[in-house]
Protein chains: 4
Amino acid sequence: MIVVMKADATEEQLDAVKRRIVEEGLRPSVVEGAERNIVGVLGTITRDHESAFEGMSGVLQILRVSRPYKLASREFHPDDTVVEVGGVKIGGGDLAVMAGPCSVESQEQVLNTARAVKAAGGNILRGGAFKPRTSPYSFRGLGVEGLKYLAKARDETGLPVITEVMTIEDLPAVSEFADIVQIGARNMQNFNLLDAAGAQSRPVMLKRGLSSTIEEWLLAAEYILNQGNPNVILCERGVRTFETATRNTLDISAVPVVQKLSHLPIVCDPSHGTGKWYLVPAMAAASVAAGADGLMVEVHPDPDHAKSDGGQSLTFENFALLMERVRALANVAAGTVPAGNSQFGE
Amino acid sequence: MIVVMKADATEEQLDAVKRRIVEEGLRPSVVEGAERNIVGVLGTITRDHESAFEGMSGVLQILRVSRPYKLASREFHPDDTVVEVGGVKIGGGDLAVMAGPCSVESQEQVLNTARAVKAAGGNILRGGAFKPRTSPYSFRGLGVEGLKYLAKARDETGLPVITEVMTIEDLPAVSEFADIVQIGARNMQNFNLLDAAGAQSRPVMLKRGLSSTIEEWLLAAEYILNQGNPNVILCERGVRTFETATRNTLDISAVPVVQKLSHLPIVCDPSHGTGKWYLVPAMAAASVAAGADGLMVEVHPDPDHAKSDGGQSLTFENFALLMERVRALANVAAGTVPAGNSQFGE
Amino acid sequence: MIVVMKADATEEQLDAVKRRIVEEGLRPSVVEGAERNIVGVLGTITRDHESAFEGMSGVLQILRVSRPYKLASREFHPDDTVVEVGGVKIGGGDLAVMAGPCSVESQEQVLNTARAVKAAGGNILRGGAFKPRTSPYSFRGLGVEGLKYLAKARDETGLPVITEVMTIEDLPAVSEFADIVQIGARNMQNFNLLDAAGAQSRPVMLKRGLSSTIEEWLLAAEYILNQGNPNVILCERGVRTFETATRNTLDISAVPVVQKLSHLPIVCDPSHGTGKWYLVPAMAAASVAAGADGLMVEVHPDPDHAKSDGGQSLTFENFALLMERVRALANVAAGTVPAGNSQFGE
Amino acid sequence: MIVVMKADATEEQLDAVKRRIVEEGLRPSVVEGAERNIVGVLGTITRDHESAFEGMSGVLQILRVSRPYKLASREFHPDDTVVEVGGVKIGGGDLAVMAGPCSVESQEQVLNTARAVKAAGGNILRGGAFKPRTSPYSFRGLGVEGLKYLAKARDETGLPVITEVMTIEDLPAVSEFADIVQIGARNMQNFNLLDAAGAQSRPVMLKRGLSSTIEEWLLAAEYILNQGNPNVILCERGVRTFETATRNTLDISAVPVVQKLSHLPIVCDPSHGTGKWYLVPAMAAASVAAGADGLMVEVHPDPDHAKSDGGQSLTFENFALLMERVRALANVAAGTVPAGNSQFGE
């Protein structure tokens, strides 16, 4: 933390800041500039320190130096984390493709979709049993019944299953039936749920909040890691901007940024990221080319009749075309740049 | 809902859309334009309808006509909702000022603050016992102990208490000790918590999400109303934008927009809305002049030593100055425009 | 400028940074932390320095300490700038109300509006003769003919005139006919136009860009000041966010932020800031209560038939009501807080 | 245009709207819903119509049906526009790579860079002679001298040249020396400059504004096309969001969205889009995989000593690695999806 003093700050104000630093068990180091003084603060600094100092008299602003997360940070954990479920690796160079319907609607729907996903080369089955919906009048999912349908589809196809959990109460059931527990964008800062997900043993996929910075996202991952669960997967699913041509703006630059700041694997969800099925293939390809460790894609046997998100779901045929394209790109990407962006150094 | 067809949509595509409308129990009404056809859809339309039709062949886009909320809507409930707790009215022309520390830190801190708030003319005591924190390493509140401190401060001063609840598990305790249950910005779309808050009897103050549209906010209120709790207060607390000079951008226009769309009372939180204590007075004044039904303001006996949000908390003295100013403005505002914006008609 | 080194930066990398600092005629001051080193850089730093150092090996990030503007800064020019035109003061405690039609449409329209503005207590006439329009097929203004209509309305009513200039070519004509030259939001970073406006003698009102930070806005003002024109007025007119209920989000917090950072007067434009006439009165009141030095408001004799921006223009009657309200608020605001936010200190 | 009436609109209000429609030479078609009426408006509608009707009594909102641009629209011009300069095609399946320094600094710098760009497989030389700078104290370019250096580099290497124009006055010189005239993000809505660029004969590359919607961007292109210049290239260069880890957020989804809405070629600029040189390769790859018609990349012989944008410029070596990667991806992308996204239908 660096405390930047105002140009006209008095000696007393500077002294008060230095005393306050010492009071917190930290150490001040003053750099005297021509225009103003700055005070480097050495020791273990928290966000609350920053806020407290920001309001002090004579202080112009606070600059942060340390990354506020440790467990999620590549600086302190240089090697890539690779999460493995049912033989599928997420991270470390492979491409994990999670596909399936937005909502689980029936056993048949899930089974048919799982078969199509597998046939096309997808390797994880997605499907929502507990659905967060903007309106209370929308379909909110089949609940535990839906989890059972997913489990049956796994039994038949061998595809591991990922599904969303919305509350601490539902976590035991979701952990029982699913291979990966998903925390959705709207719950990215549901801190009690993060703690609970960190205290169970299934890998957790944490979607980025609608307007969360990458730093806030890594801090949310830190909550899970801090409870002892090392298997966190990040999922970029689009952020909210002023643009209305797409449902969200898929921030693909989050892929190389996260890979630089963190060791955790990162996948992209072009379905929510665009909200339009006809944009999904191009954005899936872009994600893979940017180095994403995987994709999450909505696929439905009959999108026009889907109970939710029909407009952004691919037919089986279009999903197969997408898979062909991204597999080819993944090979080239891997061939040209063997170890992420590392040859571009830093 | 209106389905806008593409300029080159075929007769078959138009027929498929019309059939699909009838299949859903709705009624199509085609307007033939020179350039393209549009199809008005009559009946009870959901969000899921919109998404499903958006993906159909030949469809250019879907336009929404109906408001997706009913219970929160002024169209269907013209009279202002007035929430009353412990003799204080929120809504209906009075000014409710909720003030107190960000976090409850000790019995003494809360008591002293409550006395200062009351002396300055504040009429509700705020204080956080369960704290949502971006970092897992920050102070997360005193929990139930903190609730007891707040209750004791109420006993002494007579000020009703508002405090935040973060999980369904904590809701019974919060409902027991608090007069108003607060749902924070990060939980605005924690739909299970909204349902639970709607199923208990305390009034609920619902903060706007960091990047939630006003429509999404009213839909979140609809969740609570839909469970049978009519006493919902909305709180604008700043939205996320590109600007970094302030912590958030306080969207004061939400006040007149909400008052037009909804009958629910709306208050503003200039402390979170700006993140800087020296901006709070001006933004509190602006909120009141815009017609807000109240304010939520952070006050601390010693902001430099606050355990959280010190940089945005007012001293007792500055809070008293703020109260003087907003009371004077409230009188003038009330005197000049007796019934909201109604004299400006519509 | 502070250069933050990576935790694993080598001694060579640190040396290279220090050499590069000296090479630029600046002076390094290293603070050695437990986790990483930081290098304070003393001397006159530019943006280009920051960018160049950011790419160097071993550098984690660059933190900025100095404000990049000087002439616009309150630190170096503590007293409020007061701009005076035709006896009207902008800045320094008075309330300047600029009102009139979006576009000048005819001599009669401008004259009638000017009379109504004056009768209601407005003190500057606005009207667009050169109109920036999103679509090439929209009405683009009457040009010099429109300027003449404005000048005639000034002759009759005594109201000084403000109007927009879009190009360097039109600047001589605009300077000749207008009392204040307006630079619109879309031209806030048209740097050649800023230079030219700084080189002529009329006061300049500079609107904030659609998504410009306050710092960028003050830097744009710096361009004008740097050419020798000290009479710059800032105008907050709403920024672009994700919200669609309003045309823009009027960032009223820009008022106290600008007043803290700069000595330049600041006015608000609630017409463009909201895009809806029925939101204008509340947001005008909020702006005044926040301490704005003035308002810019669109008024039209017959908004339903306006050639542009009809939906956000007030009738004469509603403008008169607005004036009554803001005058009353201005008196109270002035009465309670005599000198801006200064009693809230810092 | 569709006029949505309020639920409680009176018969008189509906009649007034219908009369107003006829008065404008348009034709109303009323759809009577259970809850409210809507009025389809047939004929040639402008933005000004929309605004005027929005303010009428009894009107809830205006919904837009037509695209406001024609010349830029794929609906009315189905075939891809291919711009050709000096033997290089932009659009139609080839990959155009425009590379070079942010600013032209010297003849030697430009020549060396041009040679390196050509050797690595880049096919157009970029370089700024007129530089838009946020601060008036930054380096603003060499002007016409810089144009001459670029022209000489073209003479030697055969690479066509693209450079930015900031004012109408400089346009003749830029048109004389450059092969493609660039209009920067800050001038995207400098409408007079757009008109002037449309009236000269060089192809124009139009960068997307910092917070411009895709629709506004296509309307800006419409200005150029409307003056008779058919050769417009669009360039996505990142939009402004809340995220601070990157300078801008490169909106790669703009590539497939633009290709669907328009026939104009679109390229991406990952240098400005990210602001960090180490993110450029991944984002260049993503752009190409998404189907972009080209790239614009900043390359500098010695980024640490660049006069501008050093932090986002690639060395010659890193540019060569980038080229290798994107060429490989372009081949695969082309191989798998021969004709844009067309196989994914619509």
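Labels below follow one simple rule: chain letters A, B, ... track the order of the sequence lines, proteins then strands, and each chain is numbered from 1. Scope of the values below: all heavy atoms of this structure, side chains included, with no hydrogens, waters or symmetry mates.
Between chain B and the residues L210(A), I62(A), D309(A), the largest count of heavy-atom pairs under 4.5 Å involves D309(A). When the candidates Q227(B), E215(B), K307(B), K70(B) are compared by the number of heavy-atom contacts under 4.5 Å with chain A, K307(B) comes out ahead. Among the candidates A16(A), P136(A), A220(A), the residue making the largest number of heavy-atom pairs closer than 4.5 Å to chain B is P136(A).
Neither the backbone nor the side chain of S103(A) comes within less than 4.5 Å of any heavy atom in chain B. The contact between E23(B) and chain A is made entirely by side chain atoms (from C-beta outward), counting heavy-atom distances below 4.5 Å. Residue contact with chain B, scored on non-hydrogen atoms closer than 4.5 Å, is absent for E50(A). Both the backbone and the side chain of T213(B) come within contact range of chain A, with heavy atoms under 4.5 Å apart. Both the backbone and the side chain of P132(A) come within contact range of chain B, with heavy atoms under 4.5 Å apart. Contact annotation for H305(A): both backbone and side-chain heavy atoms come within less than 4.5 Å of a heavy atom of chain B.
Side-chain atoms of T134(B) never come within 3.5 Å of backbone atoms of E216(A) as a donor-acceptor pair (strictly under, hydrogens ignored). For the pair R186(A) (side chain) and Q189(B) (backbone), a donor-acceptor distance under 3.5 Å is absent. Formation of a donor-acceptor pair under 3.5 Å by the T46(B) side chain with backbone atoms of S138(A) is not found in this model.
Shown here for G55(B) and W277(A), the closest heavy-atom pair between the two residues is O-NE1, 3.5 Å. S211(A) and S211(B) make their closest contact through OG-OG, 3.1 Å (heavy atoms, listed as atom of the first residue, atom of the second, distance). Across all their heavy atoms, R20(B) and D304(A) have their closest contact at NH2-O, 2.8 Å. Between S51(B) and G310(A), the shortest heavy-atom distance links the atoms OG-N, 3.2 Å.
The line from CZ of F242(A) to OG1 of T241(B) is 13.0 Å long, rounded to the nearest 0.5 Å. Taken to the nearest 0.5 Å, the CG atom of N190(B) stands 8.0 Å off from the CG atom of L193(A). Expressed to the nearest 0.5 Å, how far CZ of F191(B) lies from CZ of F130(A) amounts to 15.5 Å.
Contact of the V239(A) side chain with the R240(B) side chain is not registered, since no non-hydrogen atoms from C-beta on lie closer than 4.5 Å. Counting heavy atoms from C-beta outward, R133(A) and Y223(B) have side chains that approach closer than 4.5 Å.
R140(A) has a carboxylate O that lies under 4.0 Å from a charged side-chain N of D195(B), or vice versa, which qualifies the two as a salt bridge.
Crowding of E317(B) atom CD: a count of heavy atoms from other residues, nucleotides or ligands under 6.0 Å not exceeding 12.
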Note to self: Is there a side-chain contact (heavy atoms from CB on, under 4.5 Å) between K276(A) and E54(B)? Walk through the geometry before answering.
What the structure shows: CA-CA 8 Å; K276(A) 316 270 184 195; E54(B) 195 168 16; 2.7 Å; yes
